[in-house]
Every structure is written in C-alpha cells, then in structure tokens.
Amino acid sequence: MPPLPESYSTKDNIDRITSEPASCDTMRFTILLLLLLIKLPVNGQALYFPPLTGTNWDTISPASLGWCTQYVDTIADFNAQRGSKAFLILKDGKIAVEQYYGTFTRDSLWYWASAGKTLTSFLTGIAQEEGYLDITRPTSDYLGTGWTSAPLAKEQLITVRNQLTMTSGLDDLTGDPYCTLPSCLQYEADAGTRWAYHNAPYTLLDTVIESATGQNFNTYFNSRIRNRIGMNGFWFPNGYNNIYGSTARSMARFGLLMLNRGIWDQDTLLHDTAYYHAMINTSQNLNKSYGCLWWLNRKQSFMLPYSQFVFGGSLSPDAPSDMYSGIGKNSQVVSVIPSQQMVIIRMGNSPDTNDVSLIYVNELWEELNKLFCTPTGMHDPVSRSFALYPNPANDAVMIRGAAEDTRISVYDLEGVLLKATIGNTFSVRHFSPGIYLVSITLKDGSRSMHRLAIE
C-alpha cells in the first residue's frame, strides 16, 4: 500500500519540527498543539468515549441535535418490520438513538457475520505494525506452501494483501466458497487480476495472524482490541468460518474507534496511519467500492458478492459520500460517517427472504434522512427523484419521476442483464419471483440503482 503524504503523519511532523532550530518555548508549544489536534476529529468537535467497564454511556437527545424527532418512531417501525434486533446511532460518541426489538436487550449477544471482517482487517494492521507480518509478503510465508491447490508459482503470487482486498484469484464460484481446505482453493486467475467476494481466503487470515504472532487468535484479538476499548464478545467457529459475536454496544465501540482513526480516548491502538487510511479507501481498481474488508460509498462503480458484474454508480446513493461500512449476512451493519461524526449499528435477522445487505443499507438511509431533517450532501439527486411502483410487482412497473427517454436496465443478483429498454415503464410479467436490481440512467449519464421485488 503506498505511503501517505507527510502531512498525514503527526509523528513525522513532530520529528521534523524538533530537528529544526527553534526556541524551547516555541518547540514545546508546537508539539503540544499537534498532540492536541490529534485528539480531535477533523471537524474539531471532541468525541466522547464511554468508560471501559460498566454500563454508563452518555446520551444526547435527537431534539438537541435539531433532528425531526417525529421520525424516531418511524425508524423503530422500519427496523421492527425488517427483522431487526438492535439499532443504534452514535453522534459525537454519545448515544442518540438506541432501540431493541422483541426479547433482544442491551445485554443480548448476536453475530456480526461478515461485518466482523473489519475486526480482522484492523488486527492485521496491528500485527504488521508490531513487526509480526508484512502484508506484501506471500501468504505461503505464513501458512506454508500447498495451502491451495493452485500451481506453486500461482500460489506464490497470493499475498496477505490479496486476502485483505478479495483479490486472491482463487475460484469462488465452484464448490463451497467457505471451505478453507487446499482441495477447495482452486486457481482461477492470477492474484490481483480478479475481485471476488471469497470467504475462504479471508478466513485464513486468522491462521496467518496465529502463525505470525505465535498466539491464539482470540487471545491476540482480546489483548490488542477488545479489552482496550471495553468490548465484550468472542470469536466462535461455525463450519469453516470464524465469526464474532457481541452486544450491539460492543459493535458501536469498534465503530467509535474507527471514527477516531484507531485511537480510543488517549490510547492509540493503531499508529500506522497509512494502513488505517488504506483500509477505508479503494484498495484495487476492480471493485472501487471495496477497501481492506470495508465497503466504501460514493465511488464510480461497485461489485456485489458472488458476481463478476461491475455496476456503475454509488453503492448507497442516499447515504453520505464518506460513509464506510462493515456489512454482514442478514444485514449486520457497522457504518462510520466521519463528516457527521456518526456511527450506525444494525443487528438482526434478514430484512426479507431475498436480502441483499448492500441494498438494504441504502433503504435504511432513505429513512434516516427523514430523521436528520436537512441531510445536506447526503442524497444523490438521481436516486432521490425516482421510485419504482408497485414494488413488489408482478406485471408492469412504473418509474415515478422518469422521463420517456430514461434508460432502464434490469439485472439479477449475479449481475446478468435481463432486460434493457427506454421509457418510464417496463414489464416483469415473465420474471421469476425474487429480488432484482434496476439501473436508471439519465441522458447526462447520471445513474442510480434500485431494488425491485417480484412476486
């Protein structure tokens, strides 16, 4: 990963200042100022951090934030109808909204699913910073040769960084994509030339960390992350997978750590600012909406899991442009929005029987924007102006707000183009029941993506 410019490194700036001639008073003042600035988020508002132990966590009322409080209940209804168990909004580190559903409570545990990939990404950065591993080295340096069934020369091309960016080149479309046995890991393309959401190479990062550090993965994780920010929970095996489970508040603690750039209050867990920024920025040119196990918003294009199709436009057009998210099966979500000093947490069951978690995030933001009243810069004007009706549908579909020269493309969840037409209505009479993606493109090339359910 390329290093960041010097201005990103506070340590480098301090080293440079202290090496230049200056009076002691000037030098002390400058260092103190730099140390003070690193404690503050970009917009200058200090963040609140809850105590490491106990249940105390400061709150802030939506009314005091100028939000449209009548929509707090609307959000609750939206989440309840979609199988949610927990929903939290942190603002400046304080809890602005905290909702639980059914028998689920603040103390209930739930799985993170693939949202937990973000924990592994962060831990890999710590292991590299501590000198245990180098993400540019071949994975076989840590797992030994023969960890795949690929020819040795091809296996040697796969680095730890490829595991972090979903670019191992191993085949994800045949057999069991979760299987970590060498017999399941077949060569498909050279590492770095193909993006595929492949769980098995990701899961093996746990073994890489264990091999490199000589420590049990759970033990290393607890000492480097969990205990230092007051999380609870644990990693547990589920088939070939290694899944994290915790309370919703623990997930919120990790989101707050990310919001403050790897620093918990006065404790810096990750000093490597270059690695931190690489996690939450485009990591390769194949799927521009993917960092290092984080999903990124407002990029030029995106890919979906288990599909090789590249969709044009933003992943979540109704969400803030700087949002980045950990997203797991059945819509386990931890989203971080630096410009708003906000963290969004959702735990629960699948919102519907054909859930596409990435699409669900945008539907959630359509509701959140009502709560926030004046979400300047949060909307994509193309997405905001259109709606599919009826939805679900079984015959004709109308696009409200669309002109007669609008280009319409309908895809299945594998990215296969099923229908292309021009107009503001289209028929789905012969489509099988399920979830589809509808791309709407205007004459100026602007585009938005919508989910369509067909009964």
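Computed from a predicted model, the values in this text were never measured in an experiment. Index from 1, following the sequence. When reading the values below, keep in mind they use all heavy atoms of this one structure, side chains included, and skip hydrogens, waters and symmetry mates.
By the side-chain contact (heavy atoms from CB on, under 4.5 Å) test, L286 is found to be paired with T167, W195, Q284, residues two or more places apart in sequence or in another chain being considered. By the side-chain contact (heavy atoms from CB on, under 4.5 Å) test, L418 pairs with D412, V416, F431, Y436, sequence neighbours left out. N227 is linked by a side-chain contact (heavy atoms from CB on, under 4.5 Å) to N222, counting only residues two or more places apart in sequence or in another chain.
At a threshold of 4.5 Å between non-hydrogen side-chain atoms, the residues I243 and W235 do not count as touching. Side-chain atoms of M323 and L315, non-hydrogen and from C-beta on, never get closer than 4.5 Å to each other. L269 is listed as a side-chain neighbour of W264, based on a closest heavy-atom distance under 4.5 Å. When side chains are defined from C-beta on, V438 counts as touching L388, because their heavy atoms get closer than 4.5 Å. Put simply, the side chain of L205 reaches to within 4.5 Å of the side chain of L164, judged on heavy atoms. In this structure, the side chains of F302 and L304 come closer than 4.5 Å at one or more pairs of heavy atoms. The shortest distance between side-chain heavy atoms of P433 and E455 does not fall below 4.5 Å. Contact check for E130 versus R224: side-chain heavy atoms found under the 4.5 Å cut-off.
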Could you pull out all donor-acceptor pairs under 3.5 Å where a side-chain atom in residues 116-126 meets a protein atom, sequence neighbours excluded?
from : atom 1 : to   : atom 2 : distance (Å)
K117 : NZ     : S114 : OG     : 2.6
K117 : NZ     : Y197 : OH     : 3.3
K117 : NZ     : N199 : OD1    : 2.6
T118 : OG1    : A115 : O      : 2.7
T120 : OG1    : Y202 : OH     : 3.1
S121 : OG     : C292 : O      : 2.8
T124 : OG1    : T120 : O      : 2.8

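When only modelled atom types and interatomic distance are considered, E404 and N424 share no side-chain donor-acceptor pair under 3.5 Å. Judged purely by distance below 3.5 Å, without hydrogens or angles, the side chains of T165 and S283 never pair a donor atom with an acceptor atom. With 3.5 Å as the limit, one finds a donor-acceptor pair spanning the side chains of S339 and D322. D77 and T74 share no side-chain donor-acceptor pair at under 3.5 Å. Under the 3.5 Å distance criterion, with hydrogens and angles disregarded, no donor-acceptor pair is assigned to the side chains of S316 and W365. Looking only at atom types and distance, the side chain of Y244 has no donor-acceptor partner in the side chain of Q332 under 3.5 Å away. Counted by atom type alone, N330 and Y111 present one or more donor-acceptor pairs between their side chains at under 3.5 Å.
Counting all heavy atoms, side chain and backbone alike, E367 lies closest to F78 at CG-CD1, 3.4 Å. Nearest heavy atoms, F372 versus M342: CZ-SD, 3.6 Å. Closest heavy-atom contact between Q340 and P320: CG-CG, 4.5 Å. Nearest heavy atoms, P351 versus Y360: CG-CD1, 3.5 Å. Residue I327 comes nearest to S325 through the heavy atom pair CG1-CB, 3.8 Å, listed as atom of the first residue, atom of the second, then distance. Residues T203 and N242 share a closest heavy-atom pair of CG2-N, 4.3 Å.
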For this session: Starting from the C-alpha separation in whole Å, work towards a yes-or-no answer on side-chain hydrogen bond (donor to acceptor under 3.5 Å, both in side chains) for W112 and S246.
Result: CA-CA 8 Å; W112 289 37; S246 77; 2.8 Å; yes

Problem set entry | side-chain hydrogen bond (donor to acceptor under 3.5 Å, both in side chains) between S84 and R346, intermediate numbers included | CA-CA 7 Å; S84 298; R346 190 270 184 185; 3.0 Å; yes

For this session: Decide yes or no on salt bridge (Lys or Arg N to Asp or Glu O under 4.0 Å) for R194 and D172, but give the supporting numbers first.
Result: CA-CA 11 Å; R194 179 177 183 268; D172 64 306; 2.9 Å; yes

For this session: Could you walk me through whether W295 and Y324 pass the ring-ring contact (aromatic ring centres under 6.0 Å, His included) test, one step at a time?
Result: CA-CA 6 Å; W295 290 95; Y324 57 92; over 10 Å; no

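Under the side-chain contact (heavy atoms from CB on, under 4.5 Å) rule, I345 has a single partner from L90, I89, V333, V334, which is V334.
Heavy atoms from other residues, nucleotides or ligands lying under 6.0 Å from OH of Y389 number 12 at most. Annotation for R407: atom CZ does not count as buried by contact number, only 12 or fewer foreign heavy atoms lying within 6.0 Å.
With N391 contributing its side chain and A453 its backbone, the two residues share a donor-acceptor pair below 3.5 Å. Within the 3.5 Å criterion, the main-chain N or O of L364 finds no donor-acceptor partner in the side chain of N79.
Annotation: side chain to side chain donor-acceptor pair (under 3.5 Å) contacts involving residues 249-259, sequence neighbours excluded, comprise E98-R249, N232-S250, T247-S250. Every pair tested for salt bridge (Lys or Arg N to Asp or Glu O under 4.0 Å) that includes a residue from residues 280-295 fails, sequence neighbours excluded, so the list is empty.
Electrostatic pairing of D265 and R228 does not count as a salt bridge here, judged by no charged N lying under 4.0 Å from a carboxylate O.
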